[in-house]
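On a predicted model such as this, the values are computed, not experimentally measured, just so you know.
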Amino acid sequence: MNGYNPISLFDLSGRVVIVTGASSGLGHQFAIALHGAGAKVVAIARRKERLDALAAACPGLETRAVDVTDEEGCRRLVEDTLAAHGRIDGLVNNAGIGTPTPAVSQPTDQFRHTLEVNVTAVFNLSRLVAPGMIERGRGSIVNIASIFGLASAYPVPTAAYSASKAAVVNLTRDLAGQWARHNVRVNAIAPGFFPSEMSDELFTNERAHQRVIQGTPMRRTGRTGELDGALVYLLSDASSFVTGHTLVVDGGWSTH
């Protein structure tokens with residue numbers, strides 16, 4: 001077709017996208033990347049001072065201090081975003097927690113809280129943004145899962161985190177099936193080992209770092225920005241016929 005440029009499929013200019021867990025790590029990078037791609041980003045997290053620094057670095061990016069486990073706070077966030085912009089085009093459910101703890105010594109309350117943050121909050125925000133997307137006949141939700149949602153984290157003892165991320169993978173499939181006929185797509189990204197506050201031990205402990213590298217066919221860990229392409233793809237029209245999919249970005253770790 002004369003003049004057709006497939007790169008335009010990845011254009012996010014003017015798209016209104018909420019990003020959770022944006023005060024550090026992957027969420028921080030996601031917010032920067034989507035802002036750079038032209039999206040109207042609403043970045044949320046609990047730590048306001050870090051959000052203020054993010055907003056200062058990205059003029060025009062909006063921030064809001066919200067705990068994803070606060071149902072009323074999330075409801076107000078969605079209502080206020082709709083009031084300000086008239087629509088929500090995308091949601092990135094990135095906020096998550098996980099502390100390596102042997103199962104026999106992990107308190108049930110800690111296990112339950114991990115599921116609350118990593119799964120229940122994903123469900124709640126998704127169901128809050130879905131009605132507007134369904135009414136408009138388009139929208140994209142991207143859930144950040146993990147390779148540990150697809151396989152055991154052994155020898156790392158992290159049952160709560162692994163269980164929660166496996167739940168995110170199948171929650172993604174189920175919501176995708178429910179909303180597909182409305183052209184509301186739900187997909188997930190399963191990152192391998194990337195630097196973040198939560199994975200700090202794997203990068204500062206040389207023995208653990210070398211174990212990860214030896215288990216990764218590309219013989220290295222992920223670099224900042226190497227998830228950006230996957231995220232832009234799943235939020236954009238380039239993936240218009242993709243839903244219910246978990247895109248693994250792990251340097252080959254899950255191939256064995």
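Side-chain atoms of Glu62 and His35 include no donor-acceptor pair closer than 3.5 Å. A donor and an acceptor atom, one from each side chain of Arg185 and Ser239, are located under 3.5 Å apart.
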Would Ile144 and Val142 count as a side chain to side chain contact (heavy atoms under 4.5 Å, CB included) if you check the C-alpha gap in whole Å, the side-chain angles of each, and the deciding distance to 0.1 Å?
CA-CA 7 Å; Ile144 305 305; Val142 179; 4.3 Å; yes

Which is it for Leu128 and Glu79 under the side chain to side chain contact (heavy atoms under 4.5 Å, CB included) test, yes or no, and what are the steps along the way?
CA-CA 9 Å; Leu128 287 172; Glu79 290 179 349; over 6 Å; no

Walk me through it: do Val122 and Asn118 pass the test side chain to side chain contact (heavy atoms under 4.5 Å, CB included)?
CA-CA 7 Å; Val122 171; Asn118 293 4; over 6 Å; no

Please test Leu12 against Leu235 for side chain to side chain contact (heavy atoms under 4.5 Å, CB included), starting from the C-alpha separation and ending with a verdict.
CA-CA 8 Å; Leu12 294 178; Leu235 285 172; 4.2 Å; yes

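At least one donor-acceptor pair under 3.5 Å links the side chain of Asn183 to the backbone N or O of Gly137. Proximity of a side-chain donor or acceptor of Ser23 to a complementary backbone N or O of Ala45 within less than 3.5 Å is not detected. Looking only at distances, a side-chain donor or acceptor of Asn187 sits under 3.5 Å from a matching main-chain atom of His245. Checked by atom type and distance alone, the side chain of Thr101 pairs as donor or acceptor with a backbone atom of Thr99 at under 3.5 Å. Side-chain N or O atoms of Thr246 include none that pairs as donor or acceptor with a backbone N or O of Ala145 at under 3.5 Å. Although no hydrogens or angles enter the test, the distance criterion places no donor-acceptor pair under 3.5 Å between the side chain of Ser152 and the main chain of Phe148. Between the Arg87 side chain and the Val16 main chain, no donor and acceptor come within less than 3.5 Å of each other. A donor-acceptor pair under 3.5 Å is absent between the side-chain atoms of His256 and the main chain of Thr216, judged by distance alone. No donor-acceptor pair under 3.5 Å is formed between the side chain of Ser13 and the backbone N or O of Gly38. Side chain of Ser162 to backbone of Ala159: no donor-acceptor contact under 3.5 angstrom is found.
Surrounding CZ of Arg181 are at most 12 heavy atoms belonging to other residues, nucleotides or ligands under 6.0 Å away. Crowding of Arg46 atom CZ: a count of heavy atoms from other residues, nucleotides or ligands under 6.0 Å not exceeding 12. Taking a 6.0 Å sphere around CD of Gln110, one finds it holds more than 12 heavy atoms contributed by other residues, nucleotides or ligands.
Taking the six-membered ring where the residue is Trp, Tyr233 and Phe10 present tilted rings, their angle falling between 30° and 60°.
The two residues Val17 and Ala39 come nearest to each other via the heavy atoms CG2-CB, 4.2 Å. In terms of heavy-atom proximity, Val119 sits nearest to Ala167 at CG2-CB, 3.8 Å. In terms of heavy-atom proximity, Asp67 sits nearest to Cys74 at O-SG, 4.0 Å. The shortest heavy-atom contact between Ala188 and Leu234 is O-CD1, 3.9 Å. Of all heavy-atom pairs spanning Ile189 and Val249, the tightest one is CG2-CG2, 4.2 Å. Nearest approach of Pro100 to Gly98, heavy atoms of both residues: CD-O, 4.0 Å.
Salt bridge status for Arg75 with Glu71: absent, with no side-chain N to carboxylate O gap under 4.0 Å. Using a cut-off of 4.0 Å between Lys/Arg side-chain N and Asp/Glu carboxylate O, Glu226 and Arg220 are scored as salt-bridged. Residues Arg15 and Asp237 are paired through a salt bridge, judged by an N-O separation under 4.0 Å between the basic side chain and the carboxylate. Between Asp89 and Lys40, no side-chain nitrogen of the basic residue sits less than 4.0 Å from a carboxylate oxygen of the acidic one, so the salt-bridge criterion is not met. We find that Glu116 and Arg112 are not joined by a salt bridge, their nearest charged nitrogen and carboxylate oxygen being 4.0 Å or further apart.
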